Amino acid sequence: MSNNIVSVIVGTQWGDEGKGKIVDLLAEKKDFVVRFHGGNNAGHTVIVNNKKYPFHLIPSGILQPKAVGVIANGVIIDLEVLVEEIKMLQSEGMDLKKKLKVSERCHLILPFHRALDQAYENARGENRLGTTGRGIGPAMADKFSYNGLRIYELLNWNLFVEKFTFQAKIKNKIIETFAIKPIKIKEELEKISKLRKIILPFVADTYQLLKKATDQKKSILLEGAHGVMLDIDFSPYPFSTGSNVIAGAVSAGAGIPQQKISKVLGIVKAYTSRVGRGPLPTELIGKLADEIRKKGTEFGTTTGRARRVGWLDLEAVKFACEVSGISEIAITKIDILSGLENIKICVEYKLDGKPILYSSCGYTELEKLTPLYKEFSGWNEDITKVKSFKGLPKNCQDYIKFIENFLRIPVKLISTGPAREEYIRV
Ligand code: IMP
């Protein structure tokens, strides 16, 4: 990816594709790295000098000295989480004054949203969705029903207190119907007033900041969260997250017009994983799944939950690439497949003996269909230190070439291990 451009990174699966590392890598020469949707349900991990940095809200690219991190208007913010991340970076000696900008248009995830998220999940019982419990759905519902509070309201404390109290009283009535303890309004306001003071210095008009940046041909990297298979419109709803995840979300979430975007990089993990409930056509159960889960440390960055794992599903990834206009691919965690005798890739779905597209399926179809696989021979070599495509074992090359040919999109980057330097540029 060249630098004087606006590029977008999108997860093509169910999240946890390893976006954090790729963002960090590509952010090296960028002027801005921008989060544009979702909230702290996302978890992006970057490992630098053996130290792990888990990010949930602040863009992962902020660790690069040049890049300014922007949390644009489409992101919903839990103040406690944002302050925790600010403190984590400050404790490493990072001066964030000029490095972090937060839009005043960002909606807030408030304590009653977290309580409601849990309450709905409990009430669903066996049919629970497996949300991250971070209050995402209820906060987005408030945003779209004009009941939300934003960073903007935090700028005027009296206004915030008034609006918060009004909403909290209504929410407490709902919370009590679930037999959950209501939130303590005064205590929560005291907490928020402290967090507010830490966050206000970072508040900025991020629309103007990014407009000026695009006018001046600065380089901008837009860091997508989650994965297209969780998109609120294009997933098998309600097994979704509360935002649009496709690359098109950039315009609404950061105010950057589509025609300014020159590249969309799709992150494809070499196999599949999913946290939470919902259909996963290529899911593996048993010993092989345990092996991949352990080797790939497939446990949630946000919740610690064990992720479900499966073979790479190219029928689903193909759709993600189409709907997001993906122009380049980065393959991640290919090293996790080293040592397997045989590896499979799903190339087609069949339902009642007939081919069916991912985009034509609801959750009922996705649960019933039969994935058709192409089988590959595995490789045993440790590939984490390999630096060129040709240096990879032949079977590994074949696996990657197959993905590229199937999707008809060039593979530009291959991540061969968790550390910053473990990658191959193609
Ligand atoms: P929510 O976003 O917390 O409401 O959760 C809805 C669904 O999206 C659940 O299945 C979550 O596990 C999943 N989800 C949300 N964000 C991510 C992510 O960043 N990675 C993986 N799964 C996610």
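Both counts, for ligands and for their atoms, begin at 1 and track the order of listing. Just so we're clear, the structure is a prediction, and the values are computed from it rather than from any experiment.
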Test side-chain contact (heavy atoms from CB on, under 4.5 Å) applied to T241 and T132, L230, D231, the passing residue: L230
Per-atom contacts, ligand 1 versus A42 - under 4.0 Å to a heavy atom: 19 (O)
K143, NZ atom: more than 12 neighbouring heavy atoms under 6.0 Å: yes
Spatial distance of atom CG (L26) from atom CD1 (I9) [nearest 0.5 Å]: 5.0 Å
Donor on one side chain, acceptor on other, T131 and D117, under 3.5 Å: yes
Polar contact flag for V275 and ligand 1 (N/O pairs, less than 3.5 Å): yes
Short N or O distance, R274 and ligand 1, threshold 3.5 Å exclusive: no
Close N or O approach (N41, ligand 1; < 3.5 Å): yes
Ligand 1 contacted by R307 (non-hydrogen, < 4.0 Å): no
Heavy-atom neighbours of K350 NZ exceed 12 at 6.0 Å: yes
T241 N/O to ligand 1 N/O under 3.5 Å: yes
Proximity to ligand 1 by part of W14, non-hydrogen separation under 4.0 Å: backbone
Neighbour count >12 (heavy atoms, 6.0 Å) for atom CZ, R105: no
Those atoms of ligand 1 less than 4.0 Å from some heavy atom in G276: 10 (O)
H56 side chain to E84 side chain, donor-acceptor N/O pair below 3.5 angstrom: no
Ring geometry between F164 and F112 (parallel below 30°, tilted from 30 to 60°, perpendicular above 60°): tilted
For atom 9 (C) of ligand 1, the protein heavy atom that lies nearest, with its residue and separation: G130 O, 3.2 Å
Min N/O separation T132 to ligand 1 under 3.5 Å: yes
From the candidates D16, I136, T131, V245, the one that places a heavy atom nearest atom 21 (C) of ligand 1: D16
Structural part of R305 in contact with ligand 1, heavy atom criterion under 4.0 angstrom: side chain
S240 neighbourhood, listing ligand 1 atoms whose heavy-atom distance to it stays under 4.0 Å: 6 (C), 7 (C), 8 (O)
Within-shell test, H226 vs ligand 1, heavy atom, strictly < 4.0 Å: yes
Taking atom 13 (C) of ligand 1 as the reference point, the nearest protein heavy atom with its distance: L230 CD1, 3.9 Å
Where D335 and K295 come nearest, the two heavy atoms and their spacing: O-NZ, 3.7 Å
Greater than 12 external heavy atoms within 6.0 Å of F402's CZ: yes
